[in-house]
Amino acid sequence: MKRLFKGGRVVDPANGRDGLFDVLIDGDRIVRVAKDIPPDGAHVVDVPAGFVVVPGLFDMHVHLREPGQEHKETVATGTASAVVGGFTAVACMPNTTPINDNAGVTEYILQKAAQAGLARVYPIGAVSKGSNGDQLADIAELRAAGCVGVSDDGRPVKTALLMRRALEYTAMFNMPVLEHCEDPSLKGEGVAHEGYHASTLGLRGIPGVAESIMAQRDIALAELTGGAVHICHMSAMESLRAVREGKGHGARVTCEVAPHHFTMTDEALASPVSYDTNVKMNPPLRAAADRDEMLKGIADGSVDCIATDHAPHHYDEKKVEFDVAPFGIVGLETCVPICFDRLVHPGLITLSRLIELLSVNPSRILNVASGALSDGAVADITILVPDLQVTVDPARFKSKSRNTPFGGWQLKGGVAATIVGGRTVYMNDAAAGAGRFK
Ligand code: DOR
(Lines give C-alpha, C1' and ligand atoms only; values in the text may rest on other atoms or scores of the structure.)
Protein backbone atom coordinates (compact mmCIF):
# COMPACT_ATOMS: atom_id res chain seq x y z
CA MET A 1 0.00 0.00 0.00
CA LYS A 2 1.22 3.50 -0.81
CA ARG A 3 1.14 6.19 1.87
CA LEU A 4 1.93 9.84 1.31
CA PHE A 5 3.01 11.85 4.37
CA LYS A 6 2.10 15.37 3.47
CA GLY A 7 3.02 18.73 4.85
CA GLY A 8 5.54 17.92 7.56
CA ARG A 9 8.93 19.44 8.23
CA VAL A 10 11.47 16.85 7.15
CA VAL A 11 14.84 16.85 8.90
CA ASP A 12 17.19 14.46 7.13
CA PRO A 13 20.78 15.58 7.65
CA ALA A 14 22.31 12.71 5.65
CA ASN A 15 20.58 14.14 2.56
CA GLY A 16 21.05 17.79 3.57
CA ARG A 17 17.31 18.34 4.02
CA ASP A 18 15.53 20.54 6.52
CA GLY A 19 12.25 21.94 5.23
CA LEU A 20 8.72 21.17 4.16
CA PHE A 21 8.65 17.99 2.07
CA ASP A 22 6.29 15.13 1.31
CA VAL A 23 7.37 11.54 1.88
CA LEU A 24 5.90 8.79 -0.31
CA ILE A 25 6.28 5.21 0.88
CA ASP A 26 5.22 2.00 -0.82
CA GLY A 27 5.11 -1.11 1.36
CA ASP A 28 8.34 -1.20 3.30
CA ARG A 29 10.25 1.31 1.14
CA ILE A 30 10.57 5.05 0.72
CA VAL A 31 9.73 5.87 -2.89
CA ARG A 32 10.46 9.57 -2.93
CA VAL A 33 10.97 12.62 -0.74
CA ALA A 34 10.14 15.83 -2.57
CA LYS A 35 7.94 18.91 -2.49
CA ASP A 36 4.28 18.61 -3.52
CA ILE A 37 4.14 14.96 -4.51
CA PRO A 38 0.72 14.23 -6.11
CA PRO A 39 -1.23 11.50 -4.24
CA ASP A 40 -1.77 9.37 -7.35
CA GLY A 41 -3.96 6.94 -5.45
CA ALA A 42 -1.77 6.84 -2.33
CA HIS A 43 -3.39 7.10 1.10
CA VAL A 44 -2.67 10.64 2.27
CA VAL A 45 -1.51 11.16 5.84
CA ASP A 46 -1.64 14.80 6.85
CA VAL A 47 1.29 15.63 9.07
CA PRO A 48 0.15 18.43 11.41
CA ALA A 49 2.01 21.72 11.43
CA GLY A 50 4.90 21.64 13.87
CA PHE A 51 5.46 17.89 13.57
CA VAL A 52 8.78 16.72 12.21
CA VAL A 53 9.50 13.68 10.04
CA VAL A 54 12.98 12.22 10.59
CA PRO A 55 14.88 9.03 9.78
CA GLY A 56 14.16 6.33 12.35
CA LEU A 57 16.04 6.83 15.61
CA PHE A 58 18.63 4.22 16.55
CA ASP A 59 19.70 3.59 20.16
CA MET A 60 23.03 1.83 19.83
CA HIS A 61 23.33 0.85 23.49
CA VAL A 62 20.53 -1.05 25.24
CA HIS A 63 20.20 -4.12 27.44
CA LEU A 64 17.25 -6.33 26.47
CA ARG A 65 18.08 -8.98 29.13
CA GLU A 66 16.82 -11.93 27.10
CA PRO A 67 17.87 -14.72 27.28
CA GLY A 68 18.09 -15.35 30.99
CA GLN A 69 16.94 -12.23 32.83
CA GLU A 70 13.36 -12.02 31.59
CA HIS A 71 12.14 -10.72 34.96
CA LYS A 72 13.87 -7.43 34.06
CA GLU A 73 13.03 -7.18 30.35
CA THR A 74 12.43 -9.30 27.27
CA VAL A 75 13.15 -8.61 23.65
CA ALA A 76 9.40 -8.00 23.23
CA THR A 77 9.03 -5.55 26.13
CA GLY A 78 12.33 -3.85 25.36
CA THR A 79 11.40 -3.26 21.74
CA ALA A 80 7.92 -2.10 22.81
CA SER A 81 9.68 0.42 25.02
CA ALA A 82 11.96 1.39 22.11
CA VAL A 83 9.15 2.22 19.69
CA VAL A 84 7.29 4.28 22.30
CA GLY A 85 10.55 6.19 22.65
CA GLY A 86 10.72 6.81 18.90
CA PHE A 87 13.43 4.24 18.20
CA THR A 88 13.04 2.12 15.09
CA ALA A 89 16.23 0.22 15.93
CA VAL A 90 18.34 -0.75 18.92
CA ALA A 91 21.68 -2.49 19.37
CA CYS A 92 21.61 -4.84 22.35
CA MET A 93 24.55 -5.63 24.57
CA PRO A 94 25.73 -9.21 25.10
CA ASN A 95 25.57 -9.39 28.93
CA THR A 96 22.60 -11.74 28.89
CA THR A 97 22.52 -15.18 30.55
CA PRO A 98 24.18 -16.89 28.81
CA ILE A 99 26.42 -14.20 27.34
CA ASN A 100 25.93 -13.57 23.63
CA ASP A 101 29.29 -15.02 22.65
CA ASN A 102 28.09 -17.51 20.02
CA ALA A 103 25.75 -17.76 17.05
CA GLY A 104 23.11 -19.68 19.02
CA VAL A 105 22.41 -16.77 21.36
CA THR A 106 22.56 -14.21 18.54
CA GLU A 107 20.07 -16.20 16.51
CA TYR A 108 17.79 -16.61 19.53
CA ILE A 109 17.69 -12.84 20.07
CA LEU A 110 17.01 -12.20 16.38
CA GLN A 111 14.22 -14.77 16.40
CA LYS A 112 12.59 -13.09 19.42
CA ALA A 113 12.91 -9.72 17.70
CA ALA A 114 11.24 -11.04 14.56
CA GLN A 115 8.40 -12.50 16.65
CA ALA A 116 7.88 -9.17 18.43
CA GLY A 117 7.82 -7.28 15.11
CA LEU A 118 8.48 -3.88 16.66
CA ALA A 119 11.92 -2.22 16.57
CA ARG A 120 14.78 -3.72 14.61
CA VAL A 121 17.32 -5.41 16.87
CA TYR A 122 21.03 -5.47 16.07
CA PRO A 123 22.88 -7.73 18.51
CA ILE A 124 26.32 -6.86 19.81
CA GLY A 125 28.41 -9.99 20.42
CA ALA A 126 30.94 -10.50 23.18
CA VAL A 127 34.61 -9.68 22.64
CA SER A 128 35.69 -12.61 24.79
CA LYS A 129 34.16 -15.96 25.64
CA GLY A 130 31.77 -15.45 28.54
CA SER A 131 33.02 -11.81 28.56
CA ASN A 132 35.68 -13.17 30.89
CA GLY A 133 38.56 -11.44 29.16
CA ASP A 134 40.63 -14.57 28.67
CA GLN A 135 39.99 -15.78 25.14
CA LEU A 136 38.51 -14.03 22.11
CA ALA A 137 35.00 -15.12 21.17
CA ASP A 138 34.52 -16.41 17.63
CA ILE A 139 33.91 -12.99 16.17
CA ALA A 140 33.55 -14.27 12.60
CA GLU A 141 30.78 -16.59 13.75
CA LEU A 142 29.06 -13.75 15.61
CA ARG A 143 29.34 -11.52 12.54
CA ALA A 144 27.89 -14.21 10.28
CA ALA A 145 24.98 -14.70 12.70
CA GLY A 146 24.10 -10.99 12.59
CA CYS A 147 26.16 -9.15 15.21
CA VAL A 148 27.17 -5.65 14.15
CA GLY A 149 29.83 -5.01 16.80
CA VAL A 150 31.47 -6.62 19.81
CA SER A 151 31.73 -5.56 23.44
CA ASP A 152 32.28 -7.00 26.90
CA ASP A 153 29.94 -4.27 28.18
CA GLY A 154 29.24 -4.30 31.86
CA ARG A 155 33.00 -4.70 32.12
CA PRO A 156 36.01 -3.50 30.16
CA VAL A 157 38.04 -5.67 27.80
CA LYS A 158 40.33 -7.20 30.39
CA THR A 159 43.80 -6.73 28.96
CA ALA A 160 45.49 -4.46 26.46
CA LEU A 161 46.63 -7.50 24.48
CA LEU A 162 43.10 -8.86 24.16
CA MET A 163 41.88 -5.42 23.07
CA ARG A 164 44.66 -5.27 20.51
CA ARG A 165 43.65 -8.64 19.08
CA ALA A 166 39.96 -7.71 19.10
CA LEU A 167 40.69 -4.50 17.19
CA GLU A 168 42.87 -6.34 14.66
CA TYR A 169 40.22 -9.00 14.16
CA THR A 170 37.18 -6.74 13.96
CA ALA A 171 38.99 -4.46 11.48
CA MET A 172 38.86 -7.37 9.02
CA PHE A 173 35.04 -7.31 9.24
CA ASN A 174 34.70 -3.54 9.43
CA MET A 175 33.07 -3.80 12.86
CA PRO A 176 33.77 -1.62 15.89
CA VAL A 177 34.71 -2.75 19.38
CA LEU A 178 32.32 -1.02 21.80
CA GLU A 179 34.18 -0.44 25.01
CA HIS A 180 33.00 -0.07 28.59
CA CYS A 181 35.95 1.98 29.81
CA GLU A 182 36.82 1.28 33.40
CA ASP A 183 40.09 0.46 35.12
CA PRO A 184 39.06 -2.22 37.63
CA SER A 185 41.79 -1.34 40.10
CA LEU A 186 40.73 2.30 40.23
CA LYS A 187 37.05 1.46 40.31
CA GLY A 188 37.58 -1.01 43.14
CA GLU A 189 34.38 -1.40 45.12
CA GLY A 190 33.21 2.08 44.12
CA VAL A 191 29.51 2.79 43.70
CA ALA A 192 29.36 6.53 42.99
CA HIS A 193 31.46 9.37 41.58
CA GLU A 194 34.45 10.10 43.80
CA GLY A 195 33.75 13.54 45.18
CA TYR A 196 32.08 15.58 47.89
CA HIS A 197 28.68 13.88 47.76
CA ALA A 198 29.97 10.31 47.86
CA SER A 199 32.23 11.30 50.76
CA THR A 200 29.51 12.91 52.85
CA LEU A 201 27.22 9.92 52.29
CA GLY A 202 29.93 7.39 53.07
CA LEU A 203 29.87 5.83 49.61
CA ARG A 204 33.00 4.47 47.98
CA GLY A 205 34.07 6.58 45.01
CA ILE A 206 34.97 5.94 41.37
CA PRO A 207 37.18 8.70 39.94
CA GLY A 208 36.72 9.98 36.38
CA VAL A 209 40.19 8.76 35.47
CA ALA A 210 39.08 5.16 36.05
CA GLU A 211 37.24 5.69 32.77
CA SER A 212 39.69 7.91 30.91
CA ILE A 213 42.77 5.74 31.53
CA MET A 214 41.01 2.89 29.77
CA ALA A 215 39.82 5.21 26.99
CA GLN A 216 43.43 6.34 26.47
CA ARG A 217 44.62 2.73 26.33
CA ASP A 218 42.00 1.79 23.76
CA ILE A 219 42.50 4.85 21.59
CA ALA A 220 46.23 4.13 21.49
CA LEU A 221 45.45 0.57 20.42
CA ALA A 222 42.99 1.76 17.77
CA GLU A 223 45.81 3.90 16.38
CA LEU A 224 48.22 0.98 16.45
CA THR A 225 45.89 -1.49 14.78
CA GLY A 226 43.73 0.64 12.50
CA GLY A 227 40.68 -0.88 14.23
CA ALA A 228 37.63 1.14 15.29
CA VAL A 229 36.89 1.67 18.96
CA HIS A 230 33.65 3.18 20.23
CA ILE A 231 33.69 4.58 23.76
CA CYS A 232 30.39 3.68 25.44
CA HIS A 233 28.47 5.82 27.94
CA MET A 234 31.19 8.43 28.33
CA SER A 235 30.91 10.40 31.56
CA ALA A 236 34.24 11.99 32.46
CA MET A 237 35.73 15.16 31.01
CA GLU A 238 39.16 13.48 30.85
CA SER A 239 37.70 10.82 28.52
CA LEU A 240 36.34 13.42 26.14
CA ARG A 241 39.75 15.07 26.10
CA ALA A 242 41.26 11.70 25.10
CA VAL A 243 38.63 11.21 22.37
CA ARG A 244 39.27 14.66 20.93
CA GLU A 245 42.99 14.05 20.92
CA GLY A 246 42.59 10.63 19.30
CA LYS A 247 40.35 12.04 16.59
CA GLY A 248 42.98 14.74 16.05
CA HIS A 249 45.56 12.01 15.37
CA GLY A 250 43.23 10.23 12.97
CA ALA A 251 42.50 7.30 15.29
CA ARG A 252 39.24 5.51 14.50
CA VAL A 253 37.51 6.49 17.71
CA THR A 254 33.87 7.44 18.27
CA CYS A 255 31.90 7.94 21.46
CA GLU A 256 28.41 8.15 22.94
CA VAL A 257 26.92 10.00 25.90
CA ALA A 258 23.78 8.93 27.77
CA PRO A 259 21.02 11.42 28.64
CA HIS A 260 21.63 11.04 32.39
CA HIS A 261 25.26 12.07 31.97
CA PHE A 262 24.44 15.34 30.25
CA THR A 263 21.53 16.27 32.53
CA MET A 264 22.35 15.10 36.06
CA THR A 265 25.28 15.29 38.45
CA ASP A 266 26.42 13.49 41.60
CA GLU A 267 24.37 16.01 43.57
CA ALA A 268 21.46 13.62 42.90
CA LEU A 269 23.07 11.20 45.37
CA ALA A 270 22.01 13.58 48.14
CA SER A 271 18.88 15.32 46.92
CA PRO A 272 15.91 15.39 46.59
CA VAL A 273 16.38 12.14 48.53
CA SER A 274 19.62 10.48 49.49
CA TYR A 275 20.71 6.98 48.56
CA ASP A 276 18.16 6.66 45.74
CA THR A 277 19.29 3.56 43.86
CA ASN A 278 17.73 4.99 40.70
CA VAL A 279 20.70 7.32 40.47
CA LYS A 280 23.14 4.41 40.67
CA MET A 281 24.61 3.55 37.31
CA ASN A 282 27.98 2.67 35.86
CA PRO A 283 29.68 4.92 35.00
CA PRO A 284 28.22 7.09 37.76
CA LEU A 285 26.69 10.56 37.59
CA ARG A 286 29.67 12.87 37.78
CA ALA A 287 30.51 16.43 38.77
CA ALA A 288 28.98 19.52 37.15
CA ALA A 289 32.22 20.15 35.23
CA ASP A 290 31.97 16.69 33.65
CA ARG A 291 28.30 17.16 32.81
CA ASP A 292 29.08 20.52 31.21
CA GLU A 293 31.91 19.03 29.18
CA MET A 294 29.53 16.36 27.82
CA LEU A 295 27.18 19.16 26.74
CA LYS A 296 30.06 20.98 25.09
CA GLY A 297 31.08 17.84 23.21
CA ILE A 298 27.51 17.30 22.04
CA ALA A 299 27.40 20.87 20.75
CA ASP A 300 30.85 21.03 19.13
CA GLY A 301 30.64 17.68 17.30
CA SER A 302 33.21 15.73 19.29
CA VAL A 303 30.48 13.48 20.72
CA ASP A 304 29.15 11.21 17.97
CA CYS A 305 25.98 9.73 19.46
CA ILE A 306 23.46 9.86 22.21
CA ALA A 307 22.67 6.35 23.47
CA THR A 308 20.59 5.49 26.52
CA ASP A 309 22.39 2.51 28.09
CA HIS A 310 18.82 1.31 28.82
CA ALA A 311 19.53 -1.02 31.77
CA PRO A 312 16.33 -2.44 33.23
CA HIS A 313 16.42 -3.93 36.72
CA HIS A 314 13.53 -5.35 38.71
CA TYR A 315 12.01 -3.26 41.52
CA ASP A 316 13.05 -5.83 44.13
CA GLU A 317 16.64 -5.74 42.93
CA LYS A 318 16.84 -1.96 43.19
CA LYS A 319 14.91 -1.68 46.47
CA VAL A 320 17.97 -2.47 48.59
CA GLU A 321 20.88 -0.57 50.14
CA PHE A 322 22.70 1.70 47.69
CA ASP A 323 25.92 -0.29 48.06
CA VAL A 324 24.41 -3.56 46.89
CA ALA A 325 21.90 -2.39 44.28
CA PRO A 326 22.73 -3.18 40.65
CA PHE A 327 24.02 -0.39 38.41
CA GLY A 328 21.75 0.98 35.71
CA ILE A 329 18.59 2.84 34.73
CA VAL A 330 16.04 2.51 31.93
CA GLY A 331 16.22 5.13 29.22
CA LEU A 332 14.35 4.33 26.03
CA GLU A 333 11.13 6.16 26.85
CA THR A 334 12.68 9.33 28.25
CA CYS A 335 15.48 10.01 25.78
CA VAL A 336 13.68 12.07 23.15
CA PRO A 337 11.89 14.40 25.62
CA ILE A 338 15.17 14.99 27.48
CA CYS A 339 17.06 15.71 24.27
CA PHE A 340 14.46 18.22 23.10
CA ASP A 341 14.13 19.89 26.48
CA ARG A 342 17.82 20.07 27.41
CA LEU A 343 19.56 20.32 24.04
CA VAL A 344 17.31 21.59 21.26
CA HIS A 345 14.95 24.03 22.99
CA PRO A 346 17.71 25.85 24.92
CA GLY A 347 19.47 26.33 21.56
CA LEU A 348 22.51 24.22 22.37
CA ILE A 349 22.10 22.16 19.17
CA THR A 350 19.83 22.19 16.14
CA LEU A 351 17.25 19.50 15.49
CA SER A 352 19.36 18.41 12.54
CA ARG A 353 22.35 17.83 14.84
CA LEU A 354 20.10 15.85 17.19
CA ILE A 355 19.17 13.56 14.32
CA GLU A 356 22.84 13.06 13.54
CA LEU A 357 23.38 12.03 17.16
CA LEU A 358 20.33 9.75 17.36
CA SER A 359 20.14 8.27 13.87
CA VAL A 360 22.81 9.11 11.30
CA ASN A 361 25.90 8.44 13.40
CA PRO A 362 24.79 5.24 15.16
CA SER A 363 23.96 3.80 11.72
CA ARG A 364 27.35 4.86 10.37
CA ILE A 365 29.32 3.51 13.35
CA LEU A 366 27.61 0.11 13.22
CA ASN A 367 27.60 0.02 9.40
CA VAL A 368 23.83 -0.39 9.25
CA ALA A 369 22.01 0.94 6.21
CA SER A 370 19.70 3.36 8.01
CA GLY A 371 19.69 6.95 9.18
CA ALA A 372 18.53 8.58 5.95
CA LEU A 373 15.24 9.22 4.19
CA SER A 374 16.63 8.31 0.79
CA ASP A 375 14.68 7.22 -2.26
CA GLY A 376 14.56 3.42 -2.21
CA ALA A 377 15.61 3.14 1.45
CA VAL A 378 13.73 1.03 3.96
CA ALA A 379 10.87 3.10 5.42
CA ASP A 380 12.08 3.45 9.02
CA ILE A 381 10.69 6.80 10.09
CA THR A 382 10.06 8.64 13.34
CA ILE A 383 7.61 11.52 13.67
CA LEU A 384 8.48 13.98 16.43
CA VAL A 385 6.49 16.70 18.19
CA PRO A 386 8.93 19.32 19.49
CA ASP A 387 6.28 21.18 21.48
CA LEU A 388 4.57 18.24 23.16
CA GLN A 389 4.39 18.62 26.95
CA VAL A 390 5.53 15.41 28.59
CA THR A 391 5.42 14.42 32.24
CA VAL A 392 7.50 11.30 32.81
CA ASP A 393 5.29 8.63 34.39
CA PRO A 394 7.24 5.40 35.00
CA ALA A 395 4.00 3.53 35.77
CA ARG A 396 3.11 3.87 32.11
CA PHE A 397 6.40 2.60 30.70
CA LYS A 398 6.22 -0.27 28.26
CA SER A 399 9.51 -1.51 29.65
CA LYS A 400 9.16 -4.24 32.25
CA SER A 401 11.27 -2.14 34.60
CA ARG A 402 10.77 1.33 36.00
CA ASN A 403 14.16 2.18 37.43
CA THR A 404 14.46 5.78 36.36
CA PRO A 405 15.50 8.97 38.13
CA PHE A 406 13.39 11.00 35.68
CA GLY A 407 9.95 10.16 37.14
CA GLY A 408 7.83 13.32 37.43
CA TRP A 409 10.13 15.41 35.20
CA GLN A 410 8.21 17.82 33.00
CA LEU A 411 9.78 18.06 29.59
CA LYS A 412 8.92 19.65 26.27
CA GLY A 413 9.22 17.42 23.19
CA GLY A 414 8.04 13.95 22.32
CA VAL A 415 7.17 11.28 19.80
CA ALA A 416 4.02 11.12 17.64
CA ALA A 417 4.67 7.91 15.73
CA THR A 418 7.26 5.27 14.97
CA ILE A 419 7.23 3.53 11.61
CA VAL A 420 9.32 0.43 10.96
CA GLY A 421 9.55 -0.98 7.46
CA GLY A 422 6.52 1.10 6.45
CA ARG A 423 4.40 -0.22 9.34
CA THR A 424 3.21 2.16 12.07
CA VAL A 425 4.27 0.27 15.17
CA TYR A 426 3.58 3.10 17.62
CA MET A 427 1.19 5.99 17.53
CA ASN A 428 0.77 8.58 20.26
CA ASP A 429 -2.96 9.28 19.93
CA ALA A 430 -2.84 12.07 22.52
CA ALA A 431 -0.25 13.93 20.47
CA ALA A 432 -1.41 13.19 16.98
CA GLY A 433 -5.16 12.53 17.05
CA ALA A 434 -6.39 8.94 17.06
CA GLY A 435 -5.41 6.88 14.07
CA ARG A 436 -3.73 9.71 12.17
CA PHE A 437 -0.58 7.80 11.26
CA LYS A 438 -2.27 4.48 10.45
O1 DOR B 1 24.79 0.92 34.68
C2 DOR B 1 25.06 -0.01 33.97
N3 DOR B 1 24.23 -1.06 33.83
N4 DOR B 1 26.23 0.00 33.33
C5 DOR B 1 26.67 -1.05 32.65
O6 DOR B 1 27.74 -0.98 32.09
C7 DOR B 1 25.88 -2.30 32.59
C8 DOR B 1 24.46 -2.03 32.83
C9 DOR B 1 23.64 -3.28 33.09
O10 DOR B 1 23.79 -4.25 32.35
O11 DOR B 1 22.82 -3.25 34.00
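Each ligand, and each atom within it, is numbered from 1 in the order the structure gives.
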Pairwise distance OG1(T382) to OH(Y426) - rounded to 0.5 angstrom: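 Going from the OG1 atom of T382 to the OH atom of Y426 covers 11.5 Å.
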H233/H180 aromatic ring centres below 6.0 Å: yes
Those atoms of ligand 1 less than 4.0 Å from some heavy atom in [X]:
X: A311; answer: 3 (N), 8 (C), 9 (C), 11 (O)
X: H313; answer: 11 (O)
X: M281; answer: 1 (O)
X: H233; answer: 6 (O)
X: D153; answer: 6 (O)

Quiz question: by atom type and distance under 3.5 Å, do the side chains of [X] and [Y] form a donor-acceptor pair?
X: H313; Y: K318; value: no
X: H71; Y: Q69; value: no
X: H230; Y: E256; value: yes

Top protein contact for [atom], by heavy-atom distance:
atom: atom 1 (O) of ligand 1; result: N282 N, 3.0 Å
atom: atom 3 (N) of ligand 1; result: F327 O, 3.1 Å
atom: atom 8 (C) of ligand 1; result: H63 NE2, 3.7 Å
atom: atom 11 (O) of ligand 1; result: R65 NH2, 2.8 Å

Note: R204-D323 ion pair, threshold 4.0 Å (strictly below):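 Yes, R204 and D323 are salt-bridged.
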Main-chain N/O of I338 paired to D341 side chain as donor or acceptor, under 3.5 Å: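 No, the answer is negative, given that no donor and acceptor are paired below the 3.5 Å cut-off.
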Contact partition for I329 relative to ligand 1, non-hydrogen atoms under 4.0 Å: neither
Ligand 1 versus H180: contacting region, heavy-atom distance under 4.0 Å: side chain
Aromatic ring pairing F58/Y122, orientation class (parallel under 30°, perpendicular over 60°, tilted between):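 It falls in the tilted class, 30° to 60°.
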P326 heavy atom under 4.0 Å from ligand 1: no
